[in-house]
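Here the structure comes first, spelled out in structure tokens, and everything after it is commentary.
Note on naming: letters A, B, ... go to the chains in the order of the sequence lines (proteins, then strands), and numbering restarts at 1 for each one.
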2 protein chains.
Amino acid sequence: MSSENPTRRKILNAAWTLLEQGGSQIRMSDIARAAGISRQALYLHFPSRAELLVAVTRHLDEEKDIDARLAESRNATTGQARLAAFIAAWGNYIPEIRGVARALMAMADSDAEARAAWDDRMDAVRQGCAAAVTALARDGQLDPALDEGRATDLLWGLLSVPLWIQLRETCGWSQEAYLAEMQRLAGRALLAEG
Amino acid sequence: MSSENPTRRKILNAAWTLLEQGGSQIRMSDIARAAGISRQALYLHFPSRAELLVAVTRHLDEEKDIDARLAESRNATTGQARLAAFIAAWGNYIPEIRGVARALMAMADSDAEARAAWDDRMDAVRQGCAAAVTALARDGQLDPALDEGRATDLLWGLLSVPLWIQLRETCGWSQEAYLAEMQRLAGRALLAEG
DNA sequence: TGGTAGCTTGACGCCATGTCAAGTGAGAAT
DNA sequence: ATTCTCACTTGACATGGCGTCAAGCTACCA
């Protein structure tokens, strides 16, 4: 796929590394230097900073094989198992895309293209939430106080990147604590009592 | 307090109006035009964009009298009542500061001063969360799976501005739906079962 | 009459993104 | 060996924010 071009790969890896380390304020010149090419040469491969960031996320999806990870949750038999598997899969993916996610979210405020790209990816997460909620509803486990749309929104919000950042980075939770708490919280939020 | 200077007030009100309407990308020149003065004159009143935004939040706190609103939750007798009152008070304050909050959060990525100011305000919210959690614990209502710190972090996360934005703006929830769901969710998340 | 406070206009430096033009060097094609 | 082409380099430049500076205007005050 995107592995054709070696320079392109160097750029994407350099950008990814920098984004994971530094804040979201990485400049094009930083990426160029880290990739060992001139700043202008970046524009031979990516038309803009936004598209470079988007390409980094796609590159990560490939390298980390997010599809395979989510497959497990799709194969779960019960609704509860599907919910738990989805939370684990996505919750464990967030730390790996944390850097790019921050940069893309920061850019989304000012750049329509970045915004569209981020929204698109979050829509995919929402699909996963919706599928888990539907499975719960099918099993009759969904809290009657919630319709499926409302429940999906709620789960999507609980699994949002900003909340992950707040709990893990601001509050200093470990990844294990985050996952455990999210599993517990999602269960309490969505499941019928009893 | 800050009401001394009429031009200063004009600036703060203009900035506030613009921030509530437009995105977080309001420029100094926009604010100046809306306030009816020159761009350079802004700097006679505020040393930087960051400090202007911070001043807007303080100005809002004064105008909207956030202290009085929170007083109600402090006067609640039971822990549950205190929790409910705090969620209502803060949850109803968010829409009023939404614009400035967005701008300040966007700026926090790149500007240390903006970041410090925002963190400071969020710390105050955390205090409120901690007080509610402590009241619950005192009543023996806190879920034994949670210690007070963990519970406070959780409540703080649930009441975070990004989550409000996602549910209300991205998902299109009404303010009433947001409040109702938060009340329900906070109860489920924090209270002992039964 | 003179001073001062608060504003205006116009120009400038800084810094990031993105563009353009001219060159260089290695490898392929002939 | 010559030529062509591709990927890159260097250097310069436009654009558009923020923030600063200098000089001038005006209304009010002593």
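For residues 99-114 of chain A, proximity to DNA chain C is found at no residue, defined as any non-hydrogen atom under 4.0 angstrom from a strand atom. Across residues 35-44 of chain A, A/R39, A/Q40, A/Y43 each have a non-hydrogen atom less than 4.0 Å from an atom of DNA chain C (numbered order).
Taking 4.5 Å as the limit, every side-chain heavy atom of B/V133 sits out of range of all side-chain heavy atoms of B/W156. Here the side chains of A/L44 and A/I37 are not in contact, with every heavy-atom distance at 4.5 Å or above. Counting heavy atoms from C-beta on, the side chains of B/F46 and B/V56 never come closer than 4.5 Å.
Between B/R82 and B/A131, the shortest heavy-atom contact is NH2-CB, 3.5 Å. B/A55 and B/R8 get closest at one heavy-atom pair: CB-NH2, 4.1 Å.
The distance between atom CG of A/L52 and atom C1' of C/dA16, rounded to the nearest whole Å, is 15 Å. Distance CD1 (B/I31) to C1' (D/dC18): 12 Å, rounded to an integer number of Å. For the pair B/N5 CG and C/dC7 C1', the computed distance is 12 Å after rounding to whole Å.
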Interface polar pairs with nucleotides 15-17 of chain D, N/O, under 3.5 angstrom:
residue, atom, partner, partner atom, Å
D/dG17, OP1, B/R27, NH1, 2.7

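The phosphate of C/dC7 has OP1 or OP2 within less than 4.0 Å of a side-chain N or O from B/H45. Between B/T7 and C/dC7 there is a side-chain N or O to OP1 or OP2 distance below 4.0 Å.
One distance of note links CG of A/D61 with CD1 of A/I97; it measures 7.5 Å at 0.5 Å rounding. With rounding to the nearest 0.5 angstrom, the CH2 atom of A/W90 is 7.0 Å from the CD1 atom of A/I66. Atom OG of residue A/S48 and atom CE of residue A/M28 lie 7.0 Å apart, to the nearest 0.5 angstrom.
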Could you list the donor-acceptor pairs under 3.5 angstrom formed by side chains in residues 181-194 of chain B, with sequence neighbours left out?
residue, atom, partner, partner atom, Å
B/E181, OE1, A/R150, NH1, 3.4
B/E181, OE2, B/R184, NH1, 2.8
B/Q183, NE2, B/A84, O, 3.0
B/R184, NH2, A/D143, OD2, 3.4
B/R184, NH2, A/A189, O, 2.6
B/R188, NH1, A/D143, OD2, 3.3
B/R188, NH1, A/R188, O, 2.7
B/R188, NH1, A/L191, O, 3.0
B/R188, NH2, A/D143, OD2, 2.0

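Screening residues 24-34 of chain A for salt bridge (Lys or Arg N to Asp or Glu O under 4.0 Å) gives A/R27-A/D30, A/D30-A/R33 as the qualifying pairs, with residues at least two apart or on separate chains. Pairs passing the salt bridge (Lys or Arg N to Asp or Glu O under 4.0 Å) check and including a residue from residues 169-179 of chain A, sequence neighbours excluded, read A/R98-A/E169, A/R102-A/E169.
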